[in-house]
Number of protein chains: 2
Amino acid sequence: MFKRKISSIMKKKQTSPNISKNFMDHDHELCFESALKDFKQHFIEKELKLTPLRLKVFQLLLKDHRPLGAYQILDLLRKDGFSSTPPIAYRVLDFLIEHGFVHKIKKLNAFVACSHPGNSHSPTFMICRKCEKVAEINEKESGLKFNKETSSEFKIEEAIIELIGICKNCTKIEVI
Amino acid sequence: MFKRKISSIMKKKQTSPNISKNFMDHDHELCFESALKDFKQHFIEKELKLTPLRLKVFQLLLKDHRPLGAYQILDLLRKDGFSSTPPIAYRVLDFLIEHGFVHKIKKLNAFVACSHPGNSHSPTFMICRKCEKVAEINEKESGLKFNKETSSEFKIEEAIIELIGICKNCTKIEVI
DNA sequence: AAGTCAATGTTATATTATAACATTACTACA
DNA sequence: TGTAGTAATGTTATAATATAACATTGACTT
Ligand SMILES: [Zn+2]
Ligand SMILES: [Zn+2]
Ligand SMILES: [Zn+2]
Ligand SMILES: [Zn+2]
C-alpha cells in the first residue's frame with residue numbers, strides 16, 4: 001500500500017512533464033549544477049575546448065533563466081577581468097550556439113542557456129513578459145505540429161517559435 | 001452536367017488552399033492590385049488617414065513578396081522624393097504594423113505586407129532562404145496547435161512563428 | 001626554436017532602431 | 001478669417017545590436 005502510493009506519485013510526475021519549471025520555485029542551485037555538469041560532459045564527449053571564457057559565459061546564462069543581451073554579458077565579463085569588446089561576446093555566443101549550448105531569443109535579441117544540450121533541435125520558447133524568464137520546450141512537449149499541407153508545400157529546415165505571454169507563476173501572483 | 005464540372009473545380013480550389021502562392025508563378029499584377037484595394041478599403045472602414053507616405057511604403061512592400069529592411073525602404077523613399085531619415089520609415093512601419101497591414105520578420109529584421117489585413121492574428125511565416133520570398137499562413141492553414149499541457153502552463157498572448165527552408169518552387173528548380 | 005593553429009584581444013565600422021524636438025498642414029471653431 | 005489644436009512628417013542626434021579585419025597570445029607540433 002505504501003509502495004503503491006509512491007509509484008502513483010512517480011507516475012503523476014511522469015505524465016505531467018515539468019515544462020515550466022523555470023518559472024516556478026525550484027532548487028535552482030541543483031538546476032544550475034546539473035546543467036553545468038551536462039555542459040562539461042558534452043565538451044568532453046565532443047572533444048571541444050572548454051576555456052575560461054566559454055565556461056564563464058555559460059555560467060552567466062545559467063544564472064536565473066533570464067536571457068542576457070550581448071552587451072549585458074560584456075559588462076559582466078568586464079567585472080570578472082575578461083576583455084569586454086563586442087566581438088568577445090559574439091564569438092563565444094556563436095560558438096556556444098553552433099554547438100547547441102545556447103539559443104538566441106529573437107524577440108529579445110538576447111541569449112539563453114539551452115535546456116537540452118547535445119541534441120540539435122528546433123526549440124520552442126515561452127517568454128514571460130512579466131518576470132522575464134524563459135523556458136524552452138522540445139517538440140514533443142509542445143505538441144506543436146504542422147499539417148500535411150504545410151509540410152508538402154515547404155521544406156522546413158529551421159523553425160523559430162517564441163511564445164510571449166504570462167507564466168503560471170506570474171498568473172498565480174496576479175490573482176492574489 | 002456542365003454545372004457539375006464547374007462546382008467540382010470550385011471545390012478543388014477550396015480544399016487545396018493556395019498557401020504558397022507567393023512562391024509560385026502567379027498573376028502578381030492582380031495580386032498587387034487586389035491587396036492594394038483591400039488596404040484602401042480598410043483605411044476607409046477604420047477611418048484611418050491614408051497619406052502618400054503610408055501608401056508608398058505599403059506599395060513598396062507589395063512589390064514581390066520579398067521583405068524589405070527599414071533602410072532599404074528609406075532608399076526607395078528617397079528616390080521618390082520623400083524624406084528618408086530613419087524615423088520616417090520606422091514610424092510608418094509602426095503605424096502599419098499596429099493596424100495589421102504589415103508584419104516584421106524577426107529572422108530578417110525586415111518587413112512584409114500582411115496577407116490577411118484587417119483581422120488581428122498571430123501569423124506563421126514561411127521564409128525561403130533561396131528565393132528570399134515570404135508567405136504568410138494563418139493559424140487554420142498551418143495546422144499548428146499546442147497541446148493542452150502547454151496552454152494550461154502558459155498564457156500565450158503572442159506567438160512568433162517563422163519557418164525557414166526551401167519553397168516548392170525552389171525545390172522544383174533544384175531538381176532540374 | 002620555428003611553424004601552426006585556435007582562441008582571444010583590439011580597432012574600427014556596419015546595421016538596426018529610437019529619443020527629442022521642429023515644422024507643416026489640415027481641422028475646428030471663436 | 002484668424003488662431004489654437006493636432007496628427008503627420010521632417011530633422012538632428014544618438015542608442016543598441018552586430019560584424020569585419022587585423023594583431024597578439026599561448027598551446028601544441030615538428
Ligand atoms: Zn533553475
Ligand atoms: Zn512570469
Ligand atoms: Zn503576388
Ligand atoms: Zn524559394
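Numbers restart at 1 for each chain; the letters A, B, ... are given by sequence-line order, proteins then strands.
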Nearest to side-chain heavy atoms of Pro87(A), which nucleotide of dT11(D), dA20(D), dT8(C): dA20(D)
Length of the CG-C1' vector between Asn109(B) and dT18(C), whole Å: 15 Å
Side-chain heavy-atom pair His42(A), Glu45(A) within 4.5 angstrom cut-off: yes
Side-chain heavy atoms of Leu36(A) within contact of Gln59(A), under 4.5 Å: yes
Sugar-phosphate only, base, or nothing, as touched by Thr85(B) at under 4.0 Å among non-hydrogen atoms: base
Distance flag, aromatic centroids of Phe95(A) and Phe101(A), threshold under 6.0 Å: no
Nearest-Å distance for atom pair CZ/P, residues Phe82(A) and dT25(D): 18 Å
Atom-to-atom span, NZ of Lys107(A) to C1' of dT17(D) - whole angstrom: 16 Å
Length of the CZ-P vector between Arg78(B) and dT9(D), whole Å: 18 Å
Aromatic contact, Phe111(B) with His103(B) (centres under 6.0 Å): no
Among dG9(C), dT17(D), dT9(D), the one nearest Leu53(A) by side-chain distance: dG9(C)
Whole-Å gap separating P (dA7(C)) and CG (Leu93(A)): 15 Å
Sugar-phosphate only, base, or nothing, as touched by Arg54(B) at under 4.0 Å among non-hydrogen atoms: sugar-phosphate
Exercise: do His28(B) and His65(B) side chains pair donor with acceptor under 3.5 Å: yes
dA18(D) phosphate, OP1 or OP2, under 4.0 Å from Lys104(A) side-chain N/O: yes
Proximal nucleotide (of dA18(D), dT8(C), dT11(D)) relative to the Ala70(A) side chain: dA18(D)
Ring centroids of Tyr71(B) and dT16(C) base under 5.5 Å with planes under 30°: yes
Separation of atom NZ in Lys56(A) from atom P in dT8(C), rounded to whole Å: 15 Å
Position toward the 5' end of DNA chain C (nearest nucleotide), Lys49(B) or Phe111(B): Phe111(B)
Value in whole Å for how far the P atom of dT8(C) lies from CG of Leu50(A): 10 Å
Whole-Å distance separating the CG atom of Asp94(A) from the C1' atom of dA7(C): 14 Å
Closest to the Pro86(B) side chain, choosing from dA20(C), dA17(C), dT8(C): dA17(C)
